[in-house]
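Working notes for the structure below.
Please read these numbers as outputs of a predicted model, since none were measured by experiment.
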Amino acid sequence: MATLFGMAVLVVALTAWAGATVVGALRGRRADQPGRRPRRRPSPARVAVVLAVLAFLAGGAVHAYGLSYLPFLFPEDACWFNAGSKVSPDSSGALPVSLVCNGEEIVPGWVNPSLLLLGVTGIAATGTAVVHAVRARRAAR
């Protein structure tokens with residue numbers, strides 16, 4: 001019960017702190033205050049670069065999570081810890097991330113589709129950033 005009460009207090013406190021931070025940040029960015037310049041909007045190329053970096057980082061994290069299921073030094077331990085049987089894996093692979101023990105796939109089903117989605121998003125955002133940067137340079141000439 002104490003843990004539940006502590007979690008409730010923590011949630012309320014963190015929500016209040018986050019709300020105060022957001023409100024303070026929004027008030028601090030007003031352009032109508034004397035001495036403040038209006039904030040420039042980021043260019044579309046910069047937004048696309050940030051999206052690409054986030055997509056590639058998230059893809060790397062998902063891939064590392066999927067690789068944590070694979071055997072490295074002792075293959076039979078991978079099946080023992082993940083499937084509960086002391087046998088060698090039927091097959092395993094790093095891309096697509098796969099570990100099969102006793103005919104059953106051990107790696108969660110969402111890992112490979114999310115890798116594909118994050119990879120395609122990262123590549124598309126990188127291409128978009130390049131196109132926007134080239135167009136901005138041509139427009140500046």
Taking only residues at least two apart or on different chains, which pairs with a member in residues 115-139 satisfy side chain to side chain donor-acceptor pair (under 3.5 Å)?
->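 Of all non-adjacent pairs touching residues 115-139, none passes side chain to side chain donor-acceptor pair (under 3.5 Å).
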For [X], give me all partners under side chain to side chain contact (heavy atoms under 4.5 Å, CB included), at least two apart in sequence or on another chain.
{"X": "Leu57", "answer": "Val53"}
{"X": "Arg46", "answer": "Pro42, Ser43"}
{"X": "Asp90", "answer": "Val100"}

For Leu70 and Gly93, which heavy atoms make the closest approach, and how far apart are they?
->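 Looking at all heavy atoms of both residues, the shortest contact is CD1-O, 3.5 Å.
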Shortest non-hydrogen contact from Pro71 toward Pro89 =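 Heavy atoms only, the tightest pair is CG-CG, 4.1 Å.
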Can you tell me which residue pairs pass the ring pair (Phe, Tyr, Trp, His ring centres under 6.0 Å) test with a partner in residues 84-109, sequence neighbours excluded?
->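 The answer is none; no pair qualifies.
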Apart from Val50 itself, residues in the same hydrophobic cluster as defined by side-chain heavy atoms under 4.5 Å =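 In the cluster with Val50 are Leu54.
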Which residues, ordered by chain and number, are linked to Phe56 in its hydrophobic cluster, where ILVMFWY side chains connect at heavy-atom gaps below 4.5 Å, directly or through other members?
->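 Listed partners: Ile123.
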What disulfide bond (SG atoms under 2.5 Å apart) pairs are there with at least one residue in [range], not counting sequence neighbours?
{"range": "residues 43-74", "result": "none"}
{"range": "residues 96-140", "result": "Cys79-Cys101"}
{"range": "residues 107-141", "result": "none"}

Side-chain donor/acceptor pairs under 3.5 Å, residues 105-119, sequence neighbours excluded:
{"from": "Glu105", "atom 1": "OE1", "to": "Ser98", "atom 2": "OG", "distance (Å)": "3.0"}
{"from": "Glu105", "atom 1": "OE2", "to": "Leu99", "atom 2": "N", "distance (Å)": "3.0"}
{"from": "Glu105", "atom 1": "OE2", "to": "Val107", "atom 2": "N", "distance (Å)": "3.4"}
{"from": "Asn112", "atom 1": "OD1", "to": "Val97", "atom 2": "N", "distance (Å)": "2.9"}
{"from": "Asn112", "atom 1": "ND2", "to": "Val97", "atom 2": "O", "distance (Å)": "2.9"}
{"from": "Ser114", "atom 1": "OG", "to": "Trp110", "atom 2": "O", "distance (Å)": "2.8"}
{"from": "Ser114", "atom 1": "OG", "to": "Val111", "atom 2": "O", "distance (Å)": "2.8"}

Go through the structure and list residues passing ring-ring contact (aromatic ring centres under 6.0 Å, His included) with Tyr69, not counting sequence neighbours.
->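 Tyr69 satisfies ring-ring contact (aromatic ring centres under 6.0 Å, His included) with Tyr65 once adjacent residues are dropped.
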